[in-house]
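Everything on this sheet refers to the single structure shown next.
In each ligand, atom 1 is the first atom listed, and ligand 1 is the first ligand listed.
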Amino acid sequence: MKVKSIRTHVLEAALSQPFAYSRAWYDTRMAMLVEIETDDGLVGWGECYGPARMTEAAVKTMSRWLIGADPLQTDVLWRRIYADLRDHGQKGVVIEGLSGIDIALWDIKGKHFGVPVHQLLGGAVRQEVQAYATGLYRRKSGDPLRYLAEEAAGYASEGFKAVKLKVGFGVEEDAAVTRAVREAIGPRIALMVDANHAYDAVAAIRLGRMIEQHDIGWFEEPVPPEDITGYRTVRAALSIPIAGGECEYTRFGFRELLASQALDILQPDTCAAGGLSECKKIADMAEAFDVRYNPHVWGTGIALAASLQLLAVLPPHTPHSLSPLEPMLEFDRTEHPIRQAILKTPIEHKNGIVSVPTGAGLGVDIDREALARWGAR
Ligand code: CA
């Protein structure tokens with residue numbers, strides 16, 4: 001079996017209402033999908049996180065290493081592409097492009113052997129994953145104290161056991177909305193906060209001390225990803241677990257984070273940090289360092305499926321307990337017209353629980369009409 005062709009699909013959809021996190025407004029959602037076809041007719045799908053036109057260029061550049069190659073040689077191909085681009089792309093767009101390719105190769109591998117990817121990654125520890133609701137972004141109008149509390153209560157009534165709030169809009173305001181959301185969801189729903197590295201260590205510690213009383217599950221990206229010392233300072237100052245890693249790449253990048261003891265929870269993005277091959281290795285490293293792993297997920301149904309295949313095989317966070325704490329799926333609840341539309345069978349939650357796809361490969365069927373509908377010009 002040989003790789004015959006690689007196609008990229010840049011998709012774009014306008015949003016009905018813009019929304020903001022701490023550093024930017026969104027008014028469209030984009031996606032960059034990778035489609036790899038073999039000479040015996042198998043098709044594998046992957047997705048790249050990151051700026052779509054740039055990851056598309058990276059994937060197109062990498063196709064010369066792939067045409068004619070054996071798609072089952074996932075580690076061999078990964079190392080070859082990484083080594084050839086090492087001088088220019090140890091992090092960022094190059095690795096995001098490689099991630100989408102690697103995921104598509106795993107989809108092919110699963111389809112070739114007729115089994116879901118999680119079986120090839122070592123076997124499922126779980127068939128269902130607890131999801132947490134990612135939402136609680138800012139809107140153009142209205143009082144955030146009110147609309148964020150209402151939105152959070154909505155997730156709780158849908159059955160989610162955990163929600164994540166966007167902070168990074170100023171320490172006082174963050175503290176006020178955190179309190180409002182905690183009051184809206186009550187004491188039994190887990191509440192995490194995410195600053196998208198809007199702060200420095202001084203501001204992050206100040207916010208952390210103001211919200212510690214609200215039983216915060218984790219404080220995500222308090223400081224910029226390069227500031228490992230800042231992470232360590234924040235972690236040492238607060239009782240809240242510190243999470244991050246969606247802007248880190250490969251086993252080599254995560255080696256530094258783990259060795260620095262900068263984080264309590266690692267959040268590699270499967271579509272960015274190097275794909276399924278690399279994220280399994282990062283997860284094994286996290287286990288060796290006794291650091292929790294909860295993947296970052298921000299994409300279409302392909303990103304969800306790839307993340308669920310990995311989540312199926314991750315060890316529990318507390319493996320020696322009779323009621324172990326399990327890794328969670330980040331389930332983006334913001335508007336994304338493309339997210340489920342490209343799947344013939346959407347990946348949805350029931351009472352905050354999402355099933356791991358059991359079909360061959362990633363376990364998803366792609367709706368080509370949806371690809372045509374959302375294709376970016
Ligand atoms: Ca985040």
Side-chain angles (χ1 to χ4, degrees), residues 19-26 29-31 47-51 91-92 95-96 99 129-138 148 151-152 155 160 162-169 174 177-178 181 190-201 203-204 207-208 211 216-228 230-231 234-235 238 240-249 253-254 257 262-274 279 282-283 286 291-300 303-304 306-307 310-311 327-336 339:
F19 63 85
Y21 67 118
S22 61
R23 294 179 299 110
W25 284 91
Y26 283 98
R29 296 294 293 260
M30 293 192 76
E47 178 167 351
C48 301
Y49 177 55
K91 294 175 192 270
I95 305 301
E96 289 168 345
S99 302
V129 180
Q130 186 84 54
Y132 71 85
T134 282
L136 305 171
Y137 285 70
R138 296 308 173 84
L148 291 174
E151 184 184 337
Y155 296 137
F160 283 103
V163 301
K164 193 166 80 188
L165 167 70
K166 289 293 172 180
V167 295
F169 297 86
D174 289 346
V177 295
T178 304
V181 167
L191 171 61
M192 295 83 81
V193 299
D194 182 0
N196 291 95
H197 54 79
Y199 289 135
D200 63 2
L207 173 61
I211 61 175
I216 304 301
W218 70 64
F219 187 171
E220 179 169 327
E221 289 202 299
V223 296
E226 311 92 313
D227 186 10
I228 294 181
Y231 266 101
V234 173
R235 185 171 179 238
L238 300 177
I240 304 170
I242 303 301
E246 68 185 73
C247 303
E248 192 50 83
Y249 302 86
F254 280 95
L257 281 184
L263 294 168
D264 296 291
I265 298 147
L266 231 51
Q267 299 174 303
D269 189 304
T270 313
C271 300
C279 287
I282 297 165
V291 170
R292 296 176 181 184
Y293 188 115
N294 272 320
H296 174 260
V297 189
W298 184 259
T300 74
L304 277 169
S307 305
L310 183 68
L311 275 159
M328 284 192 291
L329 172 72
E330 175 166 24
F331 206 15
D332 169 18
R333 302 280 78 200
T334 62
E335 183 183 7
H336 191 336
R339 183 192 298 122

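For Ser99 (side chain) and Gly274 (main-chain N/O), a donor-acceptor pair under 3.5 Å exists by modelled atom type. Side-chain atoms of Gln267 come within 3.5 Å of backbone N or O of Gly244 as a donor-acceptor pair. A distance-only check finds no donor-acceptor pair linking the side chain of Glu248 to the backbone of Leu257 [under 3.5 Å].
Classification of Lys164 and Glu330 as a salt-bridged pair holds, one side-chain N sitting under 4.0 Å from a carboxylate O.
Checked against side-chain contact (heavy atoms from CB on, under 4.5 Å), Pro225 has the following partners two or more places apart in sequence or in another chain: His197, Cys247.
Within the sub-3.0 Å shell of the Ca ion (ligand 1), the protein contributes these N/O/S atoms: Asp194 OD2, Glu220 OE2, Glu246 OE1.
Taking CG of Asp227 as the start and OH of Tyr199 as the end, the distance is 15.5 Å to the nearest 0.5 Å.
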